[in-house]
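First the structure, in the form of structure tokens, and then the observations on it.
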Amino acid sequence: EAQVTQNPRYLITVTGKKLTVTCSQNMNHEYMSWYRQDPGLGLRQIYYSMNVEVTDKGDVPEGYKVSRKEKRNFPLILESPSPNQTSLYFCASNSLRGDTDTQYFGPGTRLTVL
Amino acid sequence: TQLLEQSPQFLSIQEGENLTVYCNSSSVFSSLQWYRQEPGEGPVLLVTVVTGGEVKKLKRLTFQFGDARKDSSLHITAAQTGDTGLYLCAERANFNKFYFGSGTKLNVKP
């Protein structure tokens with residue numbers, strides 16, 4: 001089954017404790033993205049990647065890092081989380097070929113930073 | 001930064017009623033997408049519109065792209081409880097940069 005998986009689904013942590021949210025897709029997509037979703041603000045793109053070792057900033061990259069060492073994986077790293085990073089996070093992937101606009105989203109990771 | 005405005009923010013209707021939600025921008029869209037997001041899940045793409053004046057239908061859902069490609073609407077006929085969810089419009093600006101509206105939260109009551 002074609003899918004995007006994220007782990008963990010829920011995470012409660014404390015300020016300053018480094019964490020990583022993993023994202024993996026099995027559709028051989030070149031493009032991947034991370035978004036955060038906050039009430040009344042819709043989805044805002046944090047980072048995106050157009051292929052292995054190619055990443056770029058989205059609208060709200062401050063406080064986040066990403067890496068794309070393999071095509072299928074795109075982890076999101078919070079080196080020193082702060083309470084304003086409490087949010088619902090989504091990973092998405094889309095293809096370089098054909099219908100490139102169709103993003104497939106993961107189920108989300110709900111992060112709380114105390 | 002592309003600004004997509006969606007209205008209304010919230011909509012609560014009875015099953016069987018019709019409704020329309022809107023997505024507007026001050027800039028021209030290259031293309032526009034509509035997603036539906038159910039609680040606890042990620043958004044799922046419903047449709048992409050590309051050409052000004054384009055109309056697409058998906059069962060009871062009708063999507064329209066404005067002639068000037070600066071606005072779009074989603075019309076649902078005879079809403080069902082299964083239509084409940086958050087409806088988001090989005091634009092792909094360039095490369096893989098996407099902008100989303102803040103969404104319309106629809107509640108269809110039985």
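Below, chain A is the first sequence line, B the second, and so on; all start at residue 1.
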Gap between atom OH of B:Y35 and atom OG1 of A:T102 - 0.5 Å precision: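 Rounded to the nearest 0.5 Å, the OG1-OH separation comes to 6.5 Å.
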
Largest heavy-atom contact set with chain A, pairs under 4.5 Å, which of B:G42, B:S31, B:P43, B:G103: B:P43

For residues [X] and [Y]: do they belong to one hydrophobic cluster (side chain heavy atoms under 4.5 Å, members Ile, Leu, Val, Met, Phe, Trp, Tyr)?
{"X": "A:V60", "Y": "B:Y99", "answer": "no"}
{"X": "A:F74", "Y": "A:F105", "answer": "no"}
{"X": "A:V66", "Y": "B:F98", "answer": "no"}
{"X": "A:L11", "Y": "A:F90", "answer": "no"}
{"X": "B:Y22", "Y": "B:L19", "answer": "no"}

Smallest separation among heavy atoms of A:Q37 and B:Q37, with atom names: NE2-OE1, 2.8 Å

Heavy-atom pair with the smallest gap, counting every atom of B:S102 and A:G40: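 Residues B:S102 and A:G40, closest heavy atoms: CB-O, 3.4 Å.
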
Within residues 74-88 of chain B, residues adjacent to chain A where the heavy-atom gap is under 4.5 Å: B:L86, B:L88

Donor-acceptor pair, side chain of A:Q45 and main chain of B:N96, under 3.5 angstrom: yes

With a cut-off of 6.0 Å (strictly less than), are more than 12 heavy atoms of other residues, nucleotides or ligands near [atom1] of [X]?
{"X": "A:R110", "atom1": "CZ", "answer": "no"}
{"X": "B:K105", "atom1": "NZ", "answer": "no"}
{"X": "A:I12", "atom1": "CD1", "answer": "no"}

Per-residue contact mode, A:L43 against chain B (heavy atom under 4.5 angstrom): both

A:R9, part contacting chain B, at a heavy-atom distance under 4.5 Å: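 It is the side chain, since no backbone atom gets that close.
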
Ring pair (Phe, Tyr, Trp, His ring centres under 6.0 Å) evaluation trace for B:F100 with A:Y35: CA-CA 10 Å; B:F100 279 78; A:Y35 294 88; 5.4 Å; yes

